[in-house]
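One structure below.
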Amino acid sequence: MNSPAAASNLAAITPELDALAAEAMDEWKVPAVTIAMVQNGETAVLRAYGQRDAEAGLPATPQTQFTICSITKTFTATGLAMLVGDGRLDWAKPVRDYVPEFRLHDPVATERVTVRDLLSHHSGLPRHDWIWMPGGLSRTEMLAAMRHIEPSRDIRTSWQYSNLGYNVAGLVTERISGQSWEDFIRSRITDPLQMTVSMTVDDLAKADDAATPYIVHRDERRPTKLWPLHAAAAGGINTSAAAIANWMTFLLAEGEFAGRRLLDAALIHEMQAPRVLSSGPDREFGHIHYGLGFGTTIYRGERMVGHSGGWLGWSTLMRLIPERKLGVAVFCNVSGAPVPAILINRVVDRVCGKEPVPWLERLRDLRRKALAQAETDEQTRTAARKSNAPPAHPLPDYAGSYQHPGLRPDHHHGGERRAALGLPEFPRPARTSPLRDLRDPATAL
């Protein structure tokens with residue numbers, strides 16, 4: 001049911017939001033955008049814009065399925081919080097208490113890294129995404145590879161985003177629950193919240209209302225395939241705006257849904273508390289911290305928690321303003337697009353009674369300058385290139401077998417790996433990447 005008061009307040013800004021969405025989608029060449037707004041315990045607004053499949057002319061709906069990418073981390077952390085509430089997990093204990101074969105390159109860190117360190121990206125490991133991105137390793141093989149990769153910081157000294165850490169968190173869930181991570185998330189979270197979800201790209205492809213992912217390169221949009229996310233606990237959930245509304249309602253109600261308590265409020269507070277500094281203030285945003293599966297910051301005086309997500313063909317963002325019982329999530333089917341942040345920031349500005357920040361204009365200017373600079377850079381490289389120049393060494397000097405124990409032999413060929421991922425055709429616009437943690441000032445979380 002919609003709350004009449006909440007629906008009325010938020011519905012009043014939807015004409016402005018409709019126009020803003022159209023302009024932003026046109027600028028960033030986004031075929032489809034869906035948005036969910038909840039307030040005061042009810043779904044207030046569901047909107048869908050554009051086409052989930054531009055080639056087939058299929059319209060987007062609030063039920064259209066998107067890969068939500070790293071918003072998945074909020075589910076993984078919440079599932080572990082439920083095990084804490086059951087008395088089956090102490091996330092202050094070392095990971096090895098639950099996964100004895102867990103090993104890091106540093107033997108001291110191996111013994112000391114806790115489940116809480118994994119959830120707050122505080123293990124000392126940098127991203128090392130090339131271990132999981134090619135998609136050929138199982139979860140346990142990714143776990144085994146971690147012993148061969150060196151930390152770049154000491155444990156608990158610096159925030160470093162780690163999808164591999166969340167793969168381990170998923171394994172902790174499995175060892176304690178006796179279920180697969182997917183089955184546990186369904187049975188404890190998404191089924192009770194009446195959410196339609198899937199966990200693989202194969203299931204997404206079979207959905208009646210699935211979005212097609214797109215990439216934009218040099219201002220040209222093209223469809224791409226559904227690239228799997230084998231580190232599923234880090235980013236593998238597929239769902240819709242209509243379903244994510246129930247997730248935000250549960251979080252804003254501090255662990256309750258439809259009159260049933262699923263998680264103690266104190267554990268919700270613990271996950272969303274600022275724990276590790278990830279970046280400093282920037283424009284309208286204050287310092288950004290990471291908790292346990294949730295980012296947190298201050299936006300124009302309002303406490304904001306949530307998570308972003310990005311992968312090849314997807315850009316997603318979920319933000320909650322707990323003190324106003326407001327939640328907004330936006331999904332789109334183009335990589336690296338700031339459209340979710342532009343729309344959510346406008347909603348928050350209006351609900352909080354503030355004159356809107358011109359995020360679209362700011363980011364549009366940055367985008368156009370980046371495109372122009374990319375063209376200039378390409379011309380400079382072309383002009384500087386010397387035709388028929390010999391290599392620095394004879395080609396046989398480069399021949400050989402190159403291996404790293406953290407990677408399987410069939411994953412050592414960098415050019416093949418990039419081609420397999422489509423990276424030669426994937427753009428890298430300013431301050432974004434396909435696996436970005438969205439630290440652009442407009443997105444922040």
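Because only heavy atoms are used, hydrogens play no part in the values below, and waters and symmetry mates are left out as well, while side chains stay in.
Across every non-hydrogen atom of A211 and W314, the tightest pair is O-CH2, 3.4 Å. Taking each heavy atom of A245 and V38 in turn, the nearest pair found is O-CG1, 3.5 Å. Of all the heavy atoms in Q63 and A242, the pair that sits closest is NE2-CB, 3.7 Å. The two residues W28 and V216 make their nearest non-hydrogen contact at O-CG2, 4.1 Å. Smallest separation of non-hydrogen atoms from A210 and R52: O-NH1, 3.0 Å.
Side-chain polar atoms of W247 and T74 form a donor-acceptor pair below 3.5 angstrom. Side chains of K73 and S70: a donor-acceptor N/O pair is present below 3.5 angstrom, by distance only. Counted by atom type alone, T249 and N246 present zero donor-acceptor pairs between their side chains at under 3.5 Å.
When side chains are defined from C-beta on, C352 does not count as touching R300, because their heavy atoms never get closer than 4.5 Å. Using a 4.5 Å cut-off on side-chain heavy atoms (C-beta onward), Y166 and L118 make no contact. Between L171 and W181 there is no side-chain heavy-atom pair separated by less than 4.5 Å.
Between E182 and R139 there is a salt bridge, since at least one side-chain N of the basic residue sits less than 4.0 Å from a carboxylate O of the acidic one. Between K354 and E302 there is a salt bridge, with a side-chain nitrogen of the basic residue lying less than 4.0 Å from a carboxylate oxygen of the acidic one. A salt bridge between E42 and K325 is absent, with no side-chain N of the basic residue lying under 4.0 Å from a carboxylate O of the acidic one. Ion pair R222/E220 flagged as a salt bridge, since at least one NZ, NE, NH1 or NH2 atom sits closer than 4.0 Å to an Asp/Glu carboxylate oxygen. Comment: D26 does not engage R364 in a salt bridge, judged by the lack of any side-chain N to carboxylate O separation of less than 4.0 angstrom.
For W227 and W132, the ring centers sit 6.0 Å or farther from each other. Centroid-to-centroid, the aromatic rings of F250 and F257 stay 6.0 Å apart or farther.
Using cut-offs of 30° and 60° on the angle between ring planes, the pair H307 and Y290 is perpendicular. The aromatic rings of W359 and Y299 lie tilted to each other, with the angle between the two planes from 30° to 60°.
A distance-only check finds a donor-acceptor pair linking the side chain of N333 to the backbone of T212 [under 3.5 Å]. The backbone N or O of A233 lies less than 3.5 Å from a partner atom in the side chain of T76, making a donor-acceptor pair. Put simply, the side chain of Q160 gets close to the backbone of G124: a donor and an acceptor are under 3.5 Å apart.
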| task | Let me see the working for D86 and R188 under salt bridge (Lys or Arg N to Asp or Glu O under 4.0 Å), right down to the final yes or no. | result | CA-CA 12 Å; D86 294 344; R188 293 296 298 268; 2.9 Å; yes

| Hey, mind stepping through R275 and D117 against salt bridge (Lys or Arg N to Asp or Glu O under 4.0 Å) and telling me if it holds? | CA-CA 10 Å; R275 184 173 298 274; D117 293 327; over 6 Å; no

| message | Set out, in order, the CA-CA distance, both residues' side-chain angles and the distance that settles side-chain contact (heavy atoms from CB on, under 4.5 Å) for I71 and I237, then state yes or no. | response | CA-CA 8 Å; I71 295 175; I237 291 178; over 6 Å; no

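Taking the ring centre of Y98 as origin, the terminal cationic atom of R175 falls outside the region bounded by 6.0 Å and 45° from the ring axis. The cationic atom of K93 (NZ for Lys, CZ for Arg) does not lie both less than 6.0 Å from the six-membered ring centre of W91 and within 45° of the ring axis.
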